[in-house]
Structure formats: structure tokens, C-alpha cells
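Here's the structure, in C-alpha cells; my notes come after.
A quick note: this is a predicted structure, and the numbers were derived from the prediction, not measured.
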Amino acid sequence: MKQWLTFTAALLAAAVVQAQAPTASGEITKLDKAAARVTLKHGEIKNLDMPPMTMVFRVSDPKLLDGLAVGQRIGFTAERINGQFTVTSVTKAP
């Protein structure tokens with residue numbers, strides 16, 4: 001039983017890490033920290049069935065925009081939350 005619980009905990013941890021991994025990449029073309037919005041020229045976003053384009057996203061937490069700048073390349077995760085496309089995680093691209 002203890003091995004099964006350890007195995008289950010490992011699977012759950014892997015799922016959380018995978019869920020937080022960036023699913024798309026893009027370039028910041030505009031930042032609006034006051035409105036918690038970012039405009040991205042992005043590649044395909046598979047989980048949203050979205051082709052490459054440039055569009056405005058809300059951000060789930062305005063702090064996600066801290067340290068970012070126009071022209072910067074990022075990896076990000078976006079979801080549809082309450083009908084709006086929302087960036088939920090960001091990583092700076094190398």
C-alpha cells in the first residue's frame with residue numbers, strides 16, 4: 001500500500017509540472033501592466049486550437065509581467081478562463 005501511495009504521489013507531481021510547462025512561445029509586442037494585459041506575436045497554441053498570430057491576452061496575475069519587456073521572447077501557457085484568453089505562466093526564453 002505504501003508503494004502505491006508513493007507511486008500515486010509521483011504521478012500527481014509529474015502532472016502538476018507538466019501542466020505548468022509552457023505550451024507556446026512568442027514575442028512581446030506590447031505590455032499594459034495597469035490593465036494586466038500583454039500583446040504577443042505567438043506560435044501555435046495547441047491546447048486552445050489556435051494558429052500563430054498576434055493578439056492581446058489577459059494575465060492571471062499582473063506579477064507575471066514583472067521583469068518583461070517589449071521585444072522579449074517568452075514561453076507561456078494560456079488558457080480560456082471565463083471566456084477570455086489568459087496567460088497563466090511565463091518563462092523567459094534564452
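- Scored by the side chain to side chain contact (heavy atoms under 4.5 Å, CB included) test, A93 finds R73 as partners (sequence neighbours excluded).
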Using atom types as modelled, flag every donor-acceptor pair under 3.5 Å from a side chain in residues 57-65 to any protein atom, sequence neighbours excluded.
residue, atom, partner, partner atom, Å
R58, NE, Q84, OE1, 3.3
R58, NH1, Q84, OE1, 2.9
S60, OG, V87, O, 3.4
D61, OD1, K63, N, 3.0

Only pairs under 3.5 Å count here: list side-chain donor-acceptor contacts from residues 42-56, not counting sequence neighbours, and write none if there are none.
residue, atom, partner, partner atom, Å
N47, ND2, A78, O, 2.8

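- Atom CD1 of I28 and atom OG1 of T39 lie 10.0 Å apart (nearest 0.5 Å).
- Side-chain contact between T88 and I81 is present, with at least one heavy-atom pair separated by less than 4.5 Å.
- In this structure, K41 and T29 approach most closely via the heavy-atom pair CB-CG2, 4.1 Å.
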